[in-house]
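Every chain is numbered from 1 and lettered A, B, ... according to where its sequence line falls, protein lines coming before strand lines.
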Number of protein chains: 4
Amino acid sequence: MKEKRTARRQEYKDRQRQEIMDEALELFSARGYHQVSMQDIAQSAEFAVGTLYKFFKNKEELYRAIILDLSEKFGSALGQALGQGVDEYERLISYLKIGGEIFMANTQAVSLYFVETRGARFNLRAGLDEEVLSRYDQILERLSKVFAAGIKNGIFRSLDPDYLARSLDSLASTFLFAWLDDPQKYPYEKSLRMMDEIFFHNILVADYVKS
Amino acid sequence: MKEKRTARRQEYKDRQRQEIMDEALELFSARGYHQVSMQDIAQSAEFAVGTLYKFFKNKEELYRAIILDLSEKFGSALGQALGQGVDEYERLISYLKIGGEIFMANTQAVSLYFVETRGARFNLRAGLDEEVLSRYDQILERLSKVFAAGIKNGIFRSLDPDYLARSLDSLASTFLFAWLDDPQKYPYEKSLRMMDEIFFHNILVADYVKS
Amino acid sequence: MKEKRTARRQEYKDRQRQEIMDEALELFSARGYHQVSMQDIAQSAEFAVGTLYKFFKNKEELYRAIILDLSEKFGSALGQALGQGVDEYERLISYLKIGGEIFMANTQAVSLYFVETRGARFNLRAGLDEEVLSRYDQILERLSKVFAAGIKNGIFRSLDPDYLARSLDSLASTFLFAWLDDPQKYPYEKSLRMMDEIFFHNILVADYVKS
Amino acid sequence: MKEKRTARRQEYKDRQRQEIMDEALELFSARGYHQVSMQDIAQSAEFAVGTLYKFFKNKEELYRAIILDLSEKFGSALGQALGQGVDEYERLISYLKIGGEIFMANTQAVSLYFVETRGARFNLRAGLDEEVLSRYDQILERLSKVFAAGIKNGIFRSLDPDYLARSLDSLASTFLFAWLDDPQKYPYEKSLRMMDEIFFHNILVADYVKS
DNA sequence: TATGAATGAGAATTCATTCAT
DNA sequence: TATGAATGAATTCTCATTCAT
């Protein structure tokens, strides 16, 4: 019984923690890390500043938690996506589709995430992102393995899988940002078709038959 | 004679201005805009703080000047690169080669610049970068035109040139950042070869003969 | 009960606000606006600098609040004074007496206030004082009306009431400043007598009988 | 001959000094002491900043020099005015007329001067003005003596001459500032007439015959 | 002698963090 | 346990003053 109460309390705390992170994410992605004060976050989340510090050691930690959370969510979703499909090509297509959906459904979160995974690699708050970066590298790793498998299974041309992984990911995010800039001009369905033409058309072996 | 003196003084001032910008660039790209104080810059550049304000109205202006300077340098170098070569394929190769050289010779500068052209598009200091972004868009525009010309001249397959431009640029910078992370593993010559395999192999018409 | 707490807290805040203003008034009137830093005020009031900014948006606002406060206090006291007495002469005497008392009890405050109402009219921080000046003009207006009434009632000679108002006010403050300079030499009782001789002796109609 | 050259040089320097002071006066009275930088003055006067420091030890000194200069000019003009007229009444009228003329011809200068002689007595840059104040006191002293003489000569009622002096001066400046505020409403000729009515009508003995 | 570039102390203001209630 | 008032270090920017040319 005591346990149950503790569990309920824990759950309650988790919800509070999440609320803070959600509110902070909104503010950070709208205005940037330095343009958002702890007061701002406290106000938005309807907590006292002091309470924020009960959940997060400091501002940096809160930021890190958000980014980590995002990278986990995105990472696992993309990981799962890579498991779906009868062959490697379909898995990659699933990756592109689900990745696109996540991206387009979480544009604000995603912008923060991308600032960290791309830009941050060499700039802002270096060190904060070790973990985030490694998670991103894991995704690339998994992508890479799919390409390797595809090559082994004879449906992809024999090219360095790591390069293939980076290429595909790079194209996808480029087109998604283009969509972010101008959704009319760069609808993601078209981007998917273009990736087929530009990338897969060349990577798939000649006699591959799309299902 | 008076003129000569004024000219010499101007030159001296320009050199000072450049020194400040160089030092600031180093600091900004190492630690990020907000983590660098004007005191820091002054100290590094061996000037008094007040002197910085003789050259730049405020910190933002100094930052902007640096970014603008970079975008001009890179923009014009890449623009020129695109003019070199007997056909469109060669022009793009020239673009990739010269772009790579600039990137690798100015890694710190390039990181700042890329944070602006990529990351900044959806977040930090929006407005500051209008000019930088438009310059980046110009480059894409020019790339795009080269593809269009190549298609017209029958050496490229008929695909949307805008997508082709974004794809190529995306691949190039992805591989360059990979090089930045691990130069041993991702030497740029290999990246160039990979782009040939992954991208051009598919884009060039079958009977194109490389010179 | 919640209300009571809020009320008490509000009261506490008001007291703090007043403390800051009192301390700042002391410093401003002793050394002048620009010679007093926010640090100085914080130190004197035994608060942290940040706390000052909880109560006043910035230094200017703090200054303005002080001046406005003074002008309200003085204005209403003088206004009330003008309501006391059976006829217009007595009202003016009440004005002079109460005005003198306020002045002598708040010399430091008064000096700041006068710098604003006199000096400020043509120079410093124009615009800040709109409100203060209009309040001063209101007092002159009311004085003027008392003179007009006295003329109508036949106890004052028929002279321009506006000039009379300005004259009386001018004499009173001149003598009060003389007192400030040398209280021994210019006791205010003597000044009151002198104003009777120099001013009222001439303004009152011949057959007026002082009560 | 050497002397002549020295004299000429001295004259030249004096002229430069005066130019600086003129320009500074303009700026100070337009914007106030703290809102004018030495750079501003140097630019307006078309000298280098360093040159200003050849003539004045520091900013404060320059300001002091200007005020002193004004107080000398005004003081001597008023002093002279007090010497003109066949009797004491006429001398005072001359004082009022010439004082008014100076005031109205030098409004910008006069505002600075008045801030110093009136307000400054208890506020801004106390200590700076010792000399200015003593000069102002001298004028009051001389005015006072004129009243004393008038009393002795039987043309003024026997009242404390010091109070009379302060009263007259107070009325005059009050009306002049009223004119500054609204020249249409408070033309100085009317003010002179009012001073006759309000002040002299009462001070002059009954059988005094105006010439 | 005049210049004006360079200096750096000093001021206003912000905001992450603490801690008494 | 949650609060939010209070703190004060840190930051940006200005401007009086100096001094090498």
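Separating the CD1 atom of I20(A) from the P atom of dA2(F) is a distance of 10 Å, rounded to the nearest angstrom. Regarding Q35(B), its CD atom lies at a distance of 16 Å from the C1' atom of dT12(F), rounded to whole Å. When the P atom of dC15(F) is taken as reference, atom CD of E60(D) falls 16 Å away, rounded to whole Å. Between E61(C) atom CD and dT14(E) atom P the separation is 12 Å, expressed in whole Å. Taking atom NE2 of residue H34(C) and atom C1' of nucleotide dT14(F), one finds them 13 Å apart after rounding to whole Å. Distance CZ (R17(A)) to C1' (dA2(F)): 18 Å, rounded to an integer number of Å. What separates CE of M38(B) from C1' of dA9(E) is a distance of 17 Å, to the nearest Å. Distance, F56(D) CZ to dA16(F) C1': 16 Å, rounded to whole Å.
Along DNA chain E, the nucleotide closest to E46(B) and the one closest to V49(C) are compared, and the more 5′ of them pairs with E46(B). Both K13(A) and F47(C) sit near DNA chain F, but only K13(A) has its closest nucleotide nearer the 5' end. The 5' end of DNA chain E is approached more closely, in terms of each residue's nearest nucleotide, by T51(B) than by the other of T51(B) and K57(C).
A donor-acceptor pair is defined here as one N or O able to donate and one able to accept, closer than 3.5 Å; no such pair exists between the side chain of S44(D) and the backbone of I41(D). When atom types are taken as modelled, the side chain of Y63(C) and the backbone of A24(C) share no donor-acceptor pair closer than 3.5 angstrom.
Of the N and O atoms on the side chains of Q18(B) and D14(B), not one donor lies less than 3.5 Å from an acceptor on the other residue.
Within the nucleic acid shown, K54(B) comes within 4.0 Å of at least one base atom, counting heavy atoms only.
Searching all strands for a Watson-Crick or G-U wobble partner of dT21(F) with both distances below 3.5 Å returns dA2(E). The base-pairing partner of dT14(F), taking Watson-Crick or G-U wobble contacts with both distances under 3.5 Å, is dA9(E). Across all strands shown, dA16(E) is found opposite dT7(F) as a Watson-Crick or G-U wobble partner, with both distances under 3.5 Å.
Comparing atom distances between the S37(A) side chain and each of dA6(F), dA16(E), dT3(F) picks out dA16(E) as nearest. Checking dA6(F), dT3(E), dT17(F) against the side-chain heavy atoms of A48(D) singles out dT3(E) as nearest. Nearest nucleotide to the side chain of Q16(D), out of dA2(E), dA16(E), dA6(E): dA2(E). Closest approach to the Q39(A) side chain among dA6(E), dT17(E), dT12(F) is made by dT17(E) (side chain taken as heavy atoms from C-beta onward). When each of dA16(F), dT13(E), dA6(F) is scored by its nearest atom to the side-chain atoms of K59(D), the top-ranked nucleotide is dA16(F).
Shortest non-hydrogen contact noted between F47(B) and Q16(B) is CE2-OE1, 3.2 Å.
Heavy atoms from other residues, nucleotides or ligands lying under 6.0 Å from CD of Q43(C) number 12 at most.
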